[in-house]
Amino acid sequence: MARPVYETPETLEMERRVARILSERWRCSLKKMPLKYELDYLIERNGRGVAFAEIKCRNYSRAELSKFGGPMISLAKFMKAKQLVRETELPAYIVIKSSDQLMFLSSHLIDKPVIRWSGRTDRDDNLDQEPYVMLPDEAFSTLCDCSSKTNLSVACECQRSPLDV
């Protein structure tokens, strides 16, 4: 039996908004990858893949995420990001949209991940809990202030692209 998919039209739309901001600010295009790749996007410039991105939209502020030990990502996605970096020599970015900020880090910055068991307990789905990598808040770069949920792109005053380094 197939696992349920918990993405909603609203969460997918927020992910698309974040992808549009990245595309505009980083002067690139983001191509949604099939599920088999596990990460969300291939980032392209001039028709060539230059990076990968996993986008997570959270309903907590950055300060609240920090109190939890930092944003987290499933160990499976983290390992896939590391594998893609190793096999393609392209960077992989983990992008977190909190309720008040848009931030990112490169997966290569996490050498010795802190792993904890976590997940949702409110859906009566025991497979919704798994090992997670706790991402240290200090490893993230703030892309922009995004306290306005309704007009995300207008609210952003973004820094220069990590792809320009």
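All residue numbers in this chain count up from 1 along the given sequence.
- Ser23 meets the side-chain contact (heavy atoms from CB on, under 4.5 Å) test with Leu30; sequence neighbours excluded.
- Taking hydrophobic clusters as Ile, Leu, Val, Met, Phe, Trp and Tyr residues chained together by side-chain heavy-atom distances below 4.5 Å, Ile73 does not share a cluster with Val95.
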Could you go through residues 108-115 and list every donor-acceptor pair under 3.5 Å that involves a side-chain atom there, pairing it with any protein atom two or more places apart or in another chain?
residue, atom, partner, partner atom, Å
His108, ND1, Ser106, OG, 2.6

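- Heavy atoms only, all atoms of each residue included: Glu130 and Ser74 are closest at OE1-CB, 3.5 Å.
- Counting all heavy atoms, side chain and backbone alike, Met14 lies closest to Cys57 at CG-SG, 3.4 Å.
- Residues Tyr37, Leu39, Leu42, Phe52, Leu84, Leu90 make up the rest of the hydrophobic cluster containing Met33, defined by ILVMFWY side-chain heavy atoms closer than 4.5 Å, directly or through other members.
- Cluster membership for Met103 and Ile21, using ILVMFWY side-chain heavy atoms within less than 4.5 angstrom, is not shared.
- Annotation: cation-pi pair Lys31/Tyr41 absent, no NZ/CZ under 6.0 Å from the ring centroid and within 45° of its normal.
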TODO: Please report the C-alpha distance between Glu15 and Lys32 in whole Å, then the side-chain angles of each, then the deciding distance to 0.1 Å, and finally whether the side chain to side chain contact (heavy atoms under 4.5 Å, CB included) criterion is met.
DONE: CA-CA 10 Å; Glu15 181 185 293; Lys32 183 75 170 168; 2.6 Å; yes
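- In summary, the side chains of Gln129 and Trp117 do present a donor paired with an acceptor at a separation below 3.5 Å, with no hydrogens or angles considered.
- Annotation: ring pair (Phe, Tyr, Trp, His ring centres under 6.0 Å) contacts involving residues 70-90, sequence neighbours excluded, are absent.
- Residue pairs meeting the salt bridge (Lys or Arg N to Asp or Glu O under 4.0 Å) criterion with at least one partner in residues 66-91, sequence neighbours excluded, are Glu54-Lys77.
- A salt bridge does not link Glu64 with Arg58: none of the charged nitrogens is closer than 4.0 Å to a carboxylate oxygen.
- Remark: side-chain polar atoms of Arg45 are paired, donor with acceptor, to backbone N or O of Trp26 under 3.5 angstrom.
- Taking both residues in full, the closest heavy atoms of Pro136 and Phe140 are given as O-CD1, 3.5 Å, listed atom of the first, atom of the second, then distance.
- Side-chain contact of Thr142 with Arg62: a donor-acceptor pair under 3.5 Å is present, judged by distance alone.
- A continuous path of hydrophobic side-chain contacts links Val133 to Tyr60 [ILVMFWY only; heavy atoms under 4.5 Å].
- Using a 4.5 Å heavy-atom cutoff, the side chains of Thr11 and Arg16 are not in contact.
- Taking CZ of Arg20 as the reference point, atom CG of Leu22 lies at 11.5 Å (rounded to 0.5 Å).
- Checked by atom type and distance alone, the side chain of Asp40 never pairs as donor or acceptor with a backbone atom of Ala53 at under 3.5 Å.
- Checking each of Ile55, Leu143, Ile96 against Val18 for a side-chain contact (heavy atoms from CB on, under 4.5 Å) leaves exactly one that passes, namely Ile55.
- Listed by chain and residue number, Asp100 satisfy the side chain to side chain donor-acceptor pair (under 3.5 Å) test with Ser98 (two or more places apart in sequence, or in another chain).
- A pairwise comparison of heavy atoms in Gly70 and Met134 identifies O-CE, 3.7 Å as the closest pair.
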